[in-house]
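Here's the structure we're looking at; comments come further down.
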Amino acid sequence: MLRTDAPARPLAAAAAAQRDVRLYGTDDRDPSRAALTLKRRPRIDAGVSRVEEVVEPLDPALALTCVDNPARLDAVDSPIVRLVSDEYGVGGDKAPFVCLGGFRNTRGVYELEEGEGQGLVLELDETHFDFGTNYELECETAEPDQAKEVLERLLTVAGVPYEYSRSNKFACFMAGKLLP
């Protein structure tokens, strides 16, 4: 995962936007697919994270070009690129895209098939930063409070210790350290 911004970091400064190029597959130089992602307006309330996220597919060869030279994102015909340019002023000669760095994220996806959590899809992320490893359990749902109760019971019954997030991966990445 590659994080991009402009040299003055208007996306990071907004604390409401993050943008990345995601490569999928086992070989970073030959991804099976790629995506461009914009996350903004994140908030965490009682351990439940809510964020506006826009994801669009990106040709893997083009994604690799952008990883090697983030300024090439300007040439990508993309609603995300246009939105970031219009709302945050990123892109073009005055504020070219630059690489802030990256990290590796491995995700396991699991569907609960029995009990009250039936149909919930859980995503377990293992995120490797240069400064440590973070684990995060995600469940995208229209009913986050109900899903939270189900997950709390499942983890408790299984004897898995957990704590609620007070930060996100991007905040850890920008801080250069693991955050609670």
Side-chain angles (χ1 to χ4, degrees), residues 1-6 9 11-12 16-42 49-85 87-88 90-91 96-114 117-142 144 147 151 154 160 165 167-176 178-179:
M1 198 172 303
L2 171 76
R3 298 289 181 182
T4 59
D5 205 332
R9 297 186 178 184
L11 292 172
Q18 62 184 8
R19 185 155 185 273
D20 59 43
V21 175
R22 294 182 181 181
L23 304 174
Y24 296 89
T26 56
D27 182 353
D28 287 346
R29 299 311 302 169
D30 187 24
S32 58
R33 64 186 180 99
L36 189 59
T37 303
L38 172 67
K39 292 184 179 183
R40 56 192 200 153
R41 299 184 182 103
S49 175
R50 302 169 203 271
V51 65
E52 178 184 316
E53 182 174 10
V54 182
V55 180
E56 58 186 65
L58 189 60
D59 175 74
L62 179 57
L64 288 173
T65 299
C66 293
V67 166
D68 292 337
N69 180 2
R72 296 286 308 268
L73 282 166
D74 278 333
V76 175
D77 182 23
S78 155
I80 290 176
V81 171
R82 286 189 293 279
L83 188 147
V84 167
S85 176
E87 290 191 20
Y88 300 97
V90 178
F97 290 101
V98 296
C99 178
L100 298 181
F103 53 84
R104 177 172 299 284
N105 193 63
T106 303
R107 174 172 284 172
V109 179
Y110 310 92
E111 184 173 349
L112 297 180
E113 297 178 356
E114 298 178 15
Q118 185 174 3
L120 286 178
V121 176
L122 307 181
E123 300 170 340
L124 179 59
D125 288 353
E126 179 179 51
T127 306
H128 298 275
F129 300 100
D130 290 340
F131 46 84
T133 301
N134 185 42
Y135 296 90
E136 178 182 62
L137 183 62
E138 298 180 16
C139 178
E140 294 188 25
T141 177
L151 296 176
L154 286 172
V160 176
S165 296
S167 61
N168 59 35
K169 290 179 204 134
F170 186 64
C172 291
F173 172 74
M174 292 304 292
L178 297 178
L179 299 171

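Along the sequence shown, residues carry numbers from 1. Here the structure is a predicted model, which is why all the values come from computation and not from measurement.
Side chains of Cys66 and Val76 form a contact here, defined as non-hydrogen atoms less than 4.5 Å apart. Residues Lys39 and Glu52 fail the side-chain proximity criterion, which asks for heavy atoms closer than 4.5 Å. With contacts defined as side-chain heavy-atom distances shorter than 4.5 Å, the pair Leu11/Arg40 does not qualify. Residues Leu124 and Arg107 have side chains not in contact (no heavy-atom distance under 4.5 Å, counting atoms from C-beta outward). Using a 4.5 Å heavy-atom cutoff, the side chains of Leu151 and Cys139 are in contact. The side-chain heavy atoms of Asp5 and Val90, taken from C-beta on, include a pair separated by under 4.5 Å. Taking 4.5 Å as the limit, some side-chain heavy atom of Ser78 sits within range of a side-chain heavy atom of Glu56. Side chains of His128 and Asn134 form no contact here, defined as non-hydrogen atoms less than 4.5 Å apart.
By the side chain to side chain contact (heavy atoms under 4.5 Å, CB included) test, Ala75 pairs with no residue at all, sequence neighbours left out. Asp77 pairs by the side chain to side chain donor-acceptor pair (under 3.5 Å) definition with Arg82, not counting sequence neighbours. For Thr65, the side chain to side chain donor-acceptor pair (under 3.5 Å) criterion is met by no residue, not counting sequence neighbours. Residues forming a side chain to side chain contact (heavy atoms under 4.5 Å, CB included) with Cys172 (at least two apart in sequence, or on another chain): Phe129, Ser167, Leu179. Applying the salt bridge (Lys or Arg N to Asp or Glu O under 4.0 Å) criterion to Glu140, with sequence neighbours excluded, gives no partner residue. Residues meeting the side chain to side chain donor-acceptor pair (under 3.5 Å) test with Thr127, sequence neighbours left out: Asn105. Among residues two or more places apart in sequence or in another chain, the salt bridge (Lys or Arg N to Asp or Glu O under 4.0 Å) test is passed with Glu53 by Arg22. Considering only residues two or more places apart in sequence or on other chains, Arg9 meets the salt bridge (Lys or Arg N to Asp or Glu O under 4.0 Å) condition with none of them. For Asp68, the salt bridge (Lys or Arg N to Asp or Glu O under 4.0 Å) test picks out Arg29, with sequence neighbours left out. Qualifying ring pair (Phe, Tyr, Trp, His ring centres under 6.0 Å) partners for Phe173, counting only residues two or more places apart in sequence or in other chains: Phe103. For the side chain to side chain donor-acceptor pair (under 3.5 Å) test, residues two or more places apart in sequence or in another chain that qualify with Asp28 are Arg104.
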Name every donor-acceptor pair, under 3.5 Å, that has one atom in a side chain of residues 30-37 and the other anywhere in the protein, sequence neighbours excluded.
| unit_1 | atom_1 | unit_2 | atom_2 | d |
| --- | --- | --- | --- | --- |
| Ser32 | OG | Tyr24 | O | 3.1 |
| Thr37 | OG1 | Asp20 | OD1 | 3.4 |

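Nearest heavy-atom pair across Ile80 and Val54 is CD1-O, 3.5 Å. The two atoms that bring Thr4 and Pro70 nearest to each other are CG2-CB, 4.2 Å, heavy atoms only. Across every non-hydrogen atom of Asp74 and Phe97, the tightest pair is OD1-CE1, 3.3 Å. A pairwise comparison of heavy atoms in Val67 and Leu2 identifies CA-CD2, 3.6 Å as the closest pair.
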With side chain to side chain contact (heavy atoms under 4.5 Å, CB included) as the test, would you mind laying out the steps for Met1 and Val21 before giving the verdict?
CA-CA 6 Å; Met1 198 172 303; Val21 175; over 6 Å; no
Could you walk me through whether Tyr110 and Val121 satisfy the side chain to side chain contact (heavy atoms under 4.5 Å, CB included) test, starting with their C-alpha distance in whole Å, then the side-chain angles of each, then the deciding distance to 0.1 Å, before giving a yes or no?
CA-CA 6 Å; Tyr110 310 92; Val121 176; over 6 Å; no
Walk me through it: do Leu122 and Leu112 pass the test side chain to side chain contact (heavy atoms under 4.5 Å, CB included)?
CA-CA 8 Å; Leu122 307 181; Leu112 297 180; 4.0 Å; yes
